[in-house]
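Working notes for the structure below.
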Amino acid sequence: MSDNAVSEEASMDGHPPNLASIPASDSTIWADACPLLHAACTGLRDGELIHGDNFNLFAAMSALEIMDPKMDSGIVRTYYSIDEAIENGAAPIPISPDSTIDVQCTIDIMDHLLACEAAWHKGHSLAQTVFSCIYLLRLDRTAPHALLHSYCRVTRATCKAVVSVVSDARTHEEEDLFTMIYGLPLNGDGDDKCLSMLNAVEETISRQLRACKAASSKRRLPEDLEPLQSNPNLEEGFCKALLCRLRFRKHFFHILACMKRPQGRGLESARKHIASCTTELESILKSADFLRSCFGESCEGDINDKTTASGREPIGFDAMLNSRLSAPMPPRAIKILSWKKAVEYFVKLLHDLDVICSHSLDDHLESLLRFVVQFQKSQPDLVARSHLQLLLVQDGKLYGRDPFFAVITKAAALPEASKNHDIQKNESILQLGMLVMNLLKILCTNAAWQRRKLGKLLQDWRVICVQVELAFRNAFGEVSSSSNDENVCMKIFQHILLWVEEQTYWIAFRFLILGFELELYSTSEYCMVYWYLYAVLIKLAEKTHLKMTVSYDTAKRKGKKKKDSPKDLARESRIPPAVLFLQCYICLAEGLTMMLAALRNEISVFQSPGPFNTEQEKFAQHFELLQRACIPDHVSYPSYKESTTHARFSTLAMYNYFKDAQRIVKEVKSSFSNDPDRLSELRKLEQVAEHNSVAQNLICRLGALDPSLKVSFEFSHHPFFPTVVVKRS
Amino acid sequence: MEAMPEEKAEFEEAEIKYVSYGGEHHLPLIMNLVDQELSEPYSIFTYRYFVYLWPQLSFLAFHKGKCVGTVVCKMGEHRNTFRGYIAMLVVIKPYRGRGIATELVTRSIRMMMESGCEEVTLEAEVTNKGALALYGRLGFIRAKRLFHYYLNGVDAFRLKLLFPPPPRQELSPSLDT
């Protein structure tokens, strides 16, 4: 049977198959399908398709054309199995009998592994990246090569630790490819000892470095060490190149271990390792010149595209060997990150992890939310974001330390003692705790996924609002007695309810502005977006102010019984800075809405009438989730039209909202002198307000008269409030 | 060797003939165009799925007998909405920028609307400015951003067009309560 198969297959195309590498087993045999295929070809007419109960047209789409390299990635392979690859010398141990070449190749392997690791972090499968390394796939056989063995072992242990962190974060973003290990050998016996192995190798090379430095300065050292490799001129360079790579791995492993410690106990130690790790990365980068030059070969192609510092191709990698382990379907070929980009990735990762480790474990929810939002601005990748999430939410508590009810009472400006109140057992309060926990997790995800989840969350928060209110009414429907405990209970409910409302509008605000970051809005949609944003901000400011007023009243009632001093009265009537900050947003949103409406009404720009639908459909689509949750109430397309339909350049000239914004910024700056992030944002808002005020004046004066005037919106100062640019075309 | 400058075809817009998918003889034309221009590899079954089940939604553009563009679509029930989906849209390079793609898509969307679709959707790379402009002009919004949707790590937008509700039909007296 097999003989026939060989001759048949050999005749089909020039590629002789190596059947010895695909042996039949006890339960399988090789059978020649050619006669069946020939018969099928003659039996089917053009356009006919075989179909059955489980094989319809839709299912057929998953079919692959065998031997089409775009779909059948297996055709572009060299070996059928890892064993075959090893037998054919794809991953030699030692890599070369020449110790200098061996060292050089080892460094190339280390560099390529780093590039693979970065590619994996960035979203490719483990099987096609780190585990494309044959040495890693059969780690035990590298044991005679201490350097390669310890490096691979640490890499494997590191990958396992990272998979664990991302799995625990469990946000199931699109990046779920990351945690699929499909039977890859990620668990190794003795991997927990990997650091001691690495330390031993590091120690040896350190001694070799000292020895070659002593030799070059003609000093003699007591020990008689065998050098790393045979060329004394290159010894120092190779030792240094290896040491920084080993130390990078050591410190990186330590970082992961420290950050895993519960309740953020390891953060300070982690920071020290991050600093060391960053230093080693700098050394790694510096070693590139030496590695490229040491043999005088020039590499083909652009050095910047190479996956190694030396520019040479590494030995011992084959991405196709794991095609059966990579995914349910054979995967398409991927491009590994260049070595330079990989180093850049790790530099950024270390920076992002450092920001997380510097966090003060603040239990003020409001400032924590601001911290997370600020952190996300640098667009951290999955590994960093997973670490943040796991720091924030552990064992159902904030930082694994604070129960969420305590977090909520603090956020709702309730006295410290409230956190022990029995009210926390109330069903809706329990659910509220879950919602806060989920909110924190969602805020740690990538912006695109985050926005979709925040939109869905709106409904849940709206419902919890209603439920808490109902629970409140049920408890105090008839206020008969005024027992102390009931008063406390009522106060807690009241504060929490106000806080929930405020938080709901904050989520809505976040949902809307993320649309700018994700570039979801076209200019013709800005008018409705800023109008809706204005409506949400008004409610947010209202709720924030109310919450602060109520909490002030509560504090006052608990405190003095004397008459209010004039100072107290003045403080009471003054608007809190946080609310003024929001009012600044409100002025800018209103100003932009009116300007866009006037431009549209007067000179018909920034509108986009299509053949199939109108602005009303776009409004319904963009704000569907908000409308469904009635956030805010009484807001609709007709009310939007009503607000904007009369805007004209003449009405615009009558009131300059941007000047209001400028005034508020000046007033409120001093209140945020201790908050560099908010101060920085205020400066940006000031610039936007200033530019837009000037632009508005220009448009009002010339807009209707000068047809060459072109207005554009650029997010050059602030991420969601654009600067209006007026030019002559 | 210098790259050849991109040659634009010379033609009048009226010379382009638009044809609804007419049968098996159109299939190789569509396949060749798509294989040539788009990076996604499709097997013949993928094309058959679309053109067999929804032949009325696929259109071809011809210039002097040569196929220069095509659009391939489907429609169906999706989570309680009847929705159209634009799967492939190609116009060969020398014929771009002249409204052929817009015309192909418009015809398909019109058919979807007439068939009772409530909305139309598709995905496009965030970097595909041409496609985003084309669909934007037709009334699509960017409903969602899909992180690293494509293998090369590029994000996608899910574009959606919502049709206005159909004019209310007169209810028969027996249905009025």
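Small disclaimer: the values here were computed from a predicted structure and weren't measured.
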Count the heavy-atom pairs under 4.5 Å between each of [options] and chain B, then report the option with the highest count.
options	answer
A:L518, A:N56, A:T614	A:L518
A:E525, A:E624, A:R451, A:E519	A:E519
A:K335, A:K618, A:Q616	A:K618
A:G455, A:P611, A:S522, A:P609	A:P611

Any chance the rings of A:F623 and A:Y637 have centres within less than 6.0 Å?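 No, they do not, as the ring centres are separated by 6.0 Å or more.
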
Kindly state whether the ring of A:F713 and the ring of A:F606 have centres lying under 6.0 angstrom apart.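 Yes, ring centres under 6.0 Å apart.
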
Which bit of [X] comes within less than 4.5 Å of chain A, counting heavy atoms only: side chain, backbone, both or neither?
X	result
B:F50	side chain
B:Y52	side chain
B:F157	side chain

I need the residue from B:G23, B:G153, B:P164 with the largest number of non-hydrogen atom pairs under 4.5 Å to chain A.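 Looking at each option in turn, the highest pair count goes to B:P164.
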
Run the side-chain donor-acceptor check on residues 124-141 of chain B: report pairs under 3.5 Å with partners two or more places apart or on a different chain.
unit_1	atom_1	unit_2	atom_2	d
B:N128	OD1	B:A131	N	3.1

Do B:K74 and B:L53 have side-chain heavy atoms sitting under 4.5 Å apart?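 No - every pair of side-chain heavy atoms lies 4.5 Å or more apart.
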
When rounded to the nearest 0.5 angstrom, what distance separates NZ in B:K66 from CD1 in B:I92?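 Answer rounded to 0.5 Å: 4.0 Å.
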
Which bit of A:A620 is near chain B, if near means a heavy-atom gap under 4.5 Å: side chain, backbone, both or neither?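 It is the side chain, since no backbone atom gets that close.
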
Determine whether the side chains of B:E103 and B:T106 contain a donor N or O and an acceptor N or O closer than 3.5 Å.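 Distance-only check fails for B:E103 and B:T106.
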
Do A:Q627 and A:Y532 pair up side chain to side chain, a donor and an acceptor below 3.5 Å, judged on atom types alone?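 Side chains of A:Q627 and A:Y532: pair found under 3.5 Å.
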
